[in-house]
Amino acid sequence: MEIDFSKIEKKWQKKWEDGKIFEVKENPKKKKFYVLEMYPYPSGSGLHIGHAFNYTIGDIIARMKIMQGFNVLHPMGFDSFGLPAENAAIKAKSHPKIFTEEAIANYITQQKALGITYDWRRMVETHKPDYYKWDQWIFLKMFEKGLAYKKKSSVNWCRMCGTVLANEQVKNGACWRHEDINVEIKQLEQWFFKITDYADELYEKIDTLENWPDRIKAMQKNWIGKSHGTEIQFEINGEKWPIFTTRPDTIFGVTFMVISAQHPRLMELVTNEQKKEVEKFLKKLKSTSEKELADLEKAGVFTGSYAINPITKEKVPVWAGNFVVADYGAGMVMAVPAHDQRDFEFAEKYEIPVKIVIQPEEHLSPERMTEAYTGSGKLVNSEGFDGLHNEEAKEHIAIYLKEKKLGKKVINYKLRDWLISRQRFWGTPIPIIYCDKCGIVPVPEKDLPVKLPDNIKFKSEKNPLIDNKEFVNVKCPKCKGNAKRETDTMDTFVNSSWYFFRYCDAKNSKEIFEKKKTKYWMPIDLYIGGAEHACMHLIYFRFYTKFLRDLGLTDLDEPTQNLFNQGMIHGEDGFVMSKSRGNVIDPLDVSKKYSADTLRMFLVSVSSPDRDSSWSSTGIESMHKFVNKFINFVLEIKKGKSSEKAESKINKAIKEITNDIEGMQYNLAIIKIRQLTDSLSEEKEISKKDTEKIIKIITPFCPHIAEELWEKLGNKSFISLEKWPVADEKKINEKLEEQEKAVESLIGDINNVLKIVGEKNKVSIYVIPKEKEIYEDATETIRKKTNLDVSIYSVNDKDKYDPENKSKKAKLGKPAIYLE
RNA sequence: GCGGAUAUGCCGGAGUGGUCAAACGGGACAGACUCAAAAUCUGUUGGCUUAGUGCCUACAAAGGUUCGAAUCCUUUUAUCCGCACCA
């Protein structure tokens with residue numbers, strides 16, 4: 001039968017929409033299930049295959065859950081602030097809003113064409129004032145709590161983006177959007193969110209995230225980088241300077257100190273004699289980018305100052321070095337060349353003494369060392385601590401330092417505060433006013449939102465807000481005097497840090513969301529997206545959830561316990577899809593050529609959805625054949641009574657497929673659907689009820705076709721809302737399956753012998769009496785599959801035809817055969 | 001350097017202690033149908049051997065645990081990814 005896929009897709013999409021069947025509201029009587037795919041940035045080029053994959057993964061489970069009777073929240077929205085639209089607007093001398101809204105309209109059309117169960121009433125678009133108003137509101141709350149602050153510091157600048165970037169947006173020293181552009185370090189005054197206040201909770205709660213991929217959890221731990229150590233006060237020029245170390249046990253081995261060349265107070269330590277040298281060194285450093293810095297040989301210059309070791313009272317030189325990170329720990333380290341490789345290399349280069357304070361079994365001596373000894377051992381040259389194992393010594397020395405008020409135990413994090421200012425137009429305006437009299441004044445809540453003006457002129461790449469007098473000039477909310485607005489906007493990751501809360505109450509104009517509503521829907525039961533957000537969005541959205549909790553807006557510690565990382569779909573050539581490679585597959589082309597259902601099926605059939613896979617044109621072709629085969633099977637099979645065997649198979653399939661979908665092993669579910677269809681096509685008839693069950697279990701994968709078939713069987717309802725079948729365990733008959741296998745193996749044997757002895761016409765089969773029925777029932781199948789005349793005899797049958805006395809070879813489960 | 005993941009037949013990928021020469025799909029080959037092709041259907045697809053058998057070699061490599069391992073343990077190697085001079 002010829003199916004007009006595109007026609008039935010449109011038909012059912014319209015019916016679903018008209019029937020509002022995927023629109024949901026809170027219902028305390030029903031169990032909720034919140035499934036969320038990461039919302040997209042609406043780019044001008046439309047949906048790509050990764051989007052289609054992402055949405056399909058979510059839709060399959062959403063559809064099954066709906067049919068299982070859950071109240072399923074499955075929303076979609078757009079992360080619609082961002083640079084590409086702004087850059088396009090600059091080029092076209094237009095407004096980014098125009099590009100953005102066109103792109104969104106296009107996305108919605110394309111998303112609808114995939115037949116996804118979104119509740120479109122809940123759509124959020126982050127560029128709309130009714131959304132970003134609440135971004136600003138959160139900012140004000142952060143400001144109130146001291147978590148939003150302005151500070152001058154070294155920040156990452158991308159000249160292509162024309163703005164500063166958060167630490168999380170710097171990859172390998174380059175901009176996350178421009179991998180060939182190394183970021184520059186600039187000293188700028190910028191707005192930060194104090195995410196470090198939550199560093200400990202963000203770190204510790206990672207272990208509670210049961211269903212997050214290990215990889216993501218490891219990446220976040222690594223990124224937050226919690227380490228236990230000791231802060232020790234060294235005296236330099238009569239002033240106390242703290243350093244951070246994880247190795248207080250080596251304090252007697254300190255032979256010099258190194259302060260970061262980027263340390264803001266470096267010059268305070270530089271003596272007049274050394275000033276020239278240091279400046280020369282700094283100048284040379286400045287011309288190297290951060291990326292090159294990483295590969296650079298350790299180098300430094302003597303500052304002229306000396307530090308006093310708080311325990312030994314020894315005077316050691318303080319150097320400025322290129323390998324010390326300025327904003328980690330104290331930006332200065334105590335250097336123990338004998339027991340730290342970096343210090344060792346540095347000491348070797350500048351001929352600084354090496355002092356061994358930890359001795360392992362195999363005796364070390366400074367002259368023979370070619371690298372630092374970082375292992376364990378007993379303390380030596382350490383006065384009263386000599387003889388202690390170094391692990392014990394860590395503890396003892398820390399206590400000693402604490403008693404003498406020379407140091408204390410501390411915890412350090414690699415995580416830095418989140419730099420949220422962006423020197424760009426197309427983002428949420430930071431709701432801050434600068435007044436000459438009153439200083440930094442937050443915009444009062446009642447004046448929110450601070451709207452982006454429609455009337456703007458782009459001049460080069462400069463943020464047009466700066467020249468927009470109507471925007472900039474404002475009265476100070478405190479003194480009513482003339483004041484100016486902040487013109488920086490917020491990082492777009494701010495918008496995506498709480499959008500999942502807003503879906504629960506997307507149209508609320510009075511408050512950010514109603515707590516009662518989010519209490520019903522949250523947490524997200526399944527969050528689906530790519531792994532590229534591991535150390536960006538996926539940290540930020542945890543941070544925001546904690547902050548909103550502390551505001552009392554939610555009781556949740558974590559936004560979701562279940563994170564699913566989809567794999568990447570590569571081109572047919574195995575490479576990442578890219579225009580320049582010409583291996584891009586457009587999901588819309590595919591669904592037009594085959595069907596949306598074929599595309600959905602294919603996307604999740606190649607391998608487990610969390611794995612990378614490659615596009616395959618033969619694969620989609622084959623899936624399309626299967627889809628057609630399935631349709632024909634359902635329509636053509638005689639609706640009568642199901643055999644026991646068919647019932648067993650159907651129920652077993654229901655059971656297994658339900659588990660596979662639940663476990664997101666869609667590829668396995670599809671294999672089972674294929675197997676079921678293949679084996680049932682041998683049946684003469686199947687009951688209408690069973691046929692309907694089969695259509696139901698394919699509904700999450702092929703919703704349009706399922707609806708159409710459901711209707712063709714005479715049903716008036718939506719299959720999408722029908723009850724998911726539950727396997728009747730009693731009908732699963734393993735014995736029948738075994739018997740079927742036995743018959744198959746017999747057929748295999750016959751064919752095998754035929755191969756050896758050549759063509760024959762007739763087969764006589766001798767079976768153990770109690771098995772006779774099994775094989776007799778299969779006579780027709782055997783005949784069909786071997787193309788032979790089939791006679792079946794019981795071995796104890798006296799009248800059997802058995803000229804070569806083969807029957808005596810028969811065994812249980814393995815009949816004897818005679819071919820002629 | 002640190003951390004995470006992966007390694008299965010021509011290919012993609014199932015398979016976590018025996019029922020595994022290994023699901024399912026792709027590809028290839030052979031056959032049926034057809035004037036022919038497409039579609040569809042059937043079979044074969046590690047080696048040798050054989051009236052349906054038996055044996056050997058196999059699940060990155062090497063060891064080990066076990067009556068028994070693709071599956072468990074140890075080590076090694078390779079690939080991919082993330083962080084990276086974090087003291």
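Residue numbers start from 1 in every chain, and the chains themselves are labelled A, B, ... in the order their sequence lines are given, proteins ahead of strands. Note that these values count all heavy atoms, side chains included, but never hydrogens, waters or copies made by symmetry.
A distance below 6.0 Å separates the ring centres of A:F346 and A:F323. With ring centers used as reference points, A:F256 lies 6.0 Å or more from A:Y350.
A salt bridge does not link A:D340 with A:R247: every distance from a Lys NZ or Arg NE/NH1/NH2 to an Asp or Glu carboxylate oxygen is 4.0 Å or more.
One C1' atom belongs to B:rU53, the other to B:rC59, and the distance between them is 25 Å to the nearest Å. Only the P atoms considered, B:rA32 is 25 Å distant from B:rC24, to the nearest whole Å. For the C1' atom pair drawn from B:rG13 and B:rG82, the interatomic distance equals 26 Å after rounding to whole Å. Spacing of P atoms, B:rA30 relative to B:rC81, comes out at 41 Å, to the nearest Å. For the P atoms, the distance linking B:rA22 with B:rG47 amounts to 13 Å, nearest Å. Nucleotides B:rA62 and B:rU77 place their P atoms 15 Å apart, quoted to the nearest Å. Comparing the P positions of B:rA7 and B:rG12 gives a spacing of 12 Å, expressed to the nearest Å. Taking atom P in both B:rG26 and B:rC41, the straight-line distance is 10 Å, to the nearest Å.
When the nucleotides B:rG12, B:rC85, B:rG26 are ranked by their closest atom to the side chain of A:S622, B:rG26 comes out on top. When the nucleotides B:rC81, B:rG15, B:rU6 are ranked by their closest atom to the side chain of A:R215, B:rC81 comes out on top. Closest to the side chain of A:K629, from the set B:rC83, B:rA51, B:rC41, is B:rC41. Side-chain proximity of A:D678 to B:rG25, B:rC83, B:rA87: nearest is B:rG25. Side-chain proximity of A:S607 to the nucleotides B:rG25, B:rC83, B:rG13 is greatest for B:rG13. Each of B:rG25, B:rG52, B:rA14 was ranked by its minimum atom distance to the side chain of A:I817; first place goes to B:rG52.
Using a 4.0 Å heavy-atom criterion, one finds that A:A531 contacts no nucleic acid atom at all. At a threshold of 4.0 angstrom between heavy atoms, the contacts of A:S227 are confined to the sugar-phosphate backbone, with no base atom among them. Within 4.0 Å (heavy atoms only), A:L668 reaches sugar-phosphate atoms of the nucleic acid but no base atom. If you check every strand for non-hydrogen atoms under 4.0 Å, A:Y818 touches a base. A:K298 comes within 4.0 angstrom of a base, heavy atoms only. Looking at heavy-atom distances under 4.0 Å, A:V325 makes contact with a base. Backbone-only contact: A:Q675 has heavy atoms under 4.0 Å from sugar-phosphate atoms and none from a base. Using a 4.0 Å heavy-atom criterion, one finds that A:S608 contacts the sugar-phosphate atoms exclusively. Residue-level contact check: A:V336 touches neither bases nor backbone, having no heavy atom under 4.0 Å from any strand. Counting non-hydrogen atoms under 4.0 angstrom, A:P815 reaches a base of the nucleic acid.
Taking the nucleotide of RNA chain B with the nearest heavy atom to each of A:N667 and A:I670, the more 5' of the two is matched to A:N667. Both A:D214 and A:G748 sit near RNA chain B, but only A:D214 has its closest nucleotide nearer the 5' end.
One atom, OH of A:Y594, and another, P of B:rA39, lie 12 Å apart when rounded to the nearest Å. To the nearest angstrom, P of B:rG54 lies 11 Å from CG of A:D749. Between the P atom of B:rC81 and the CE atom of A:M568 lies a distance of 10 Å, rounded to the nearest Å. Taking atom CD of A:E740 as the reference point, atom P of B:rU19 lies 21 Å away to the nearest angstrom. Atoms CG (A:N565) and P (B:rG4) sit 17 Å apart, rounded to a whole Å. With rounding to whole Å, A:R674 atom CZ is found 15 Å from B:rA14 atom P. What separates CD of A:E345 from P of B:rG1 is a distance of 13 Å, to the nearest Å. Rounded to an integer number of Å, the gap from CZ of A:F602 to P of B:rG12 is 14 Å.
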Worksheet item: Would A:D678 and A:K629 count as a salt bridge (Lys or Arg N to Asp or Glu O under 4.0 Å) if you check the C-alpha gap in whole Å, the side-chain angles of each, and the deciding distance to 0.1 Å?
Response: CA-CA 9 Å; A:D678 276 352; A:K629 190 173 166 182; 2.7 Å; yes
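The backbone N or O of A:R416 sits nowhere less than 3.5 Å from a side-chain atom of A:N167 that would complete a donor-acceptor pair. The backbone N or O of A:L209 lies less than 3.5 Å from a partner atom in the side chain of A:K217, making a donor-acceptor pair. Under a 3.5 Å cut-off, the side chain of A:T598 and the backbone N or O of A:H624 do not form any donor-acceptor pair. With A:Q341 contributing its side chain and A:A372 its backbone, the two residues share a donor-acceptor pair below 3.5 Å. Side-chain atoms of A:N309 never come within 3.5 Å of backbone atoms of A:G253 as a donor-acceptor pair (strictly under, hydrogens ignored). With hydrogens and angles ignored, the 3.5 Å screen pairs a side-chain donor or acceptor of A:R600 with a backbone N or O of A:P700. Judged purely by atom type and a 3.5 angstrom limit, A:D612 uses its side chain to pair as donor or acceptor with the backbone of A:M568.
Ring pair A:H339/A:Y373 is perpendicular by interplanar angle, where above 60° counts as perpendicular and below 30° as parallel.
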Practice prompt. Return one dot-bracket line describing RNA chain B 5' to 3' (Watson-Crick or G-U wobble pairs, both distances under 3.5 Å; ( ) same strand, [ ] crossing, | another strand, . none).
Written response: ((((((((.[[[..)..(.....]]]((((((.......))))))(((.....)))...[[[[[..)....]]]]])))))))....
Practice prompt. Any chance you could list the contact pattern along nucleotides 27-32 of chain B? Use B for base contacts, S for sugar-phosphate-only contacts and - for none, protein heavy atoms under 4.0 Å, 5' to 3'.
Written response: S-----
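The side chain of A:K171 contributes an N or O atom lying less than 4.0 Å from OP1 or OP2 of B:rC83.
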Which atom pairs, donor and acceptor, lie under 3.5 Å between side-chain atoms of residues 663-670 of chain A and protein residues at least two apart or in another chain?
{"residue": "A:Y666", "atom": "OH", "partner": "A:I57", "partner atom": "O", "Å": "2.8"}

